[in-house]
Amino acid sequence: MNRQPSLSRRQLLKRLALGTSIGTLGTMGLESALAAEAPLLAIDAPEAKAVHYVEDATKASAAKPGSSCATCGLYQGPTGSARGPCQLFPGKDVKASGWCDSWVPQM
Ligand code: SF4
């Protein structure tokens, strides 16, 4: 008869504790990765220049008063954030105070 060795209660508890610790660390790493900010879009990047992106909307002569990335329909940063993702520039953050030719009102 071939019997599988059974875990003692102590071994089982150790393994559960280790598994919980590793699981917690894994979750923390995932949360950190999700919370990490993308690099800021450089104003001299070709894609930024193509739409006349500026980091300060008040310096863009074509910007209507009150328009900025923070009030743009393509801005994905949380309300009140200083920076956040823009649908126009995947993988990059833009400044909430910024502006570009592609500004659209929020729906
Ligand atoms: Fe800012 Fe909108 Fe232009 Fe993106 S599309 S850079 S959020 S103004």
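Atoms within each ligand, like the ligands themselves, are counted from 1 in listed order.
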(request) For C69, take its heavy atoms, then give the atoms of ligand 1 lying under 4.0 Å from any of them. (result) 1 (Fe), 6 (S), 7 (S), 8 (S)

(message) Quick test of your reading of the structure: of A96, S102, C100, whose heavy atom lies closest to atom 3 (Fe) of ligand 1?
(response) C100

(message) Checking the side chain of W99 only, and the main-chain atoms of T58 only, is there a donor and an acceptor separated by less than 3.5 Å?
(response) no

(message) Show the nearest heavy-atom pair for residues A57 and A63, with the distance to one decimal.
(response) O-CB, 3.7 Å

(message) For atom 2 (Fe) of ligand 1, what is the closest protein heavy atom, and at what distance to 0.1 Å?
(response) C72 SG, 2.3 Å

(message) Any heavy-atom pair between the side chains of D93 and P39 that's under 4.5 Å?
(response) no

(message) Among all the protein's non-hydrogen atoms, which is closest to atom 4 (Fe) of ligand 1, and how far away is it?
(response) C86 SG, 2.3 Å

(request) Number the atoms of ligand 1 from 1 as they appear, then name those within less than 4.0 Å of a heavy atom of F89, with their elements. (result) 6 (S)

(message) Starting from I43, can I reach L41 by hopping between I/L/V/M/F/W/Y residues whose side chains sit under 4.5 Å apart?
(response) yes

(message) Checking side-chain polar atoms at under 3.5 Å, does Y75 have a donor or acceptor matched by the opposite partner on S81?
(response) yes

(message) Just to be sure I'm reading this right: ignoring hydrogens, which of V104, T71, L74, D93 gets closest to atom 5 (S) of ligand 1? Compare them by their nearest heavy atoms.
(response) L74

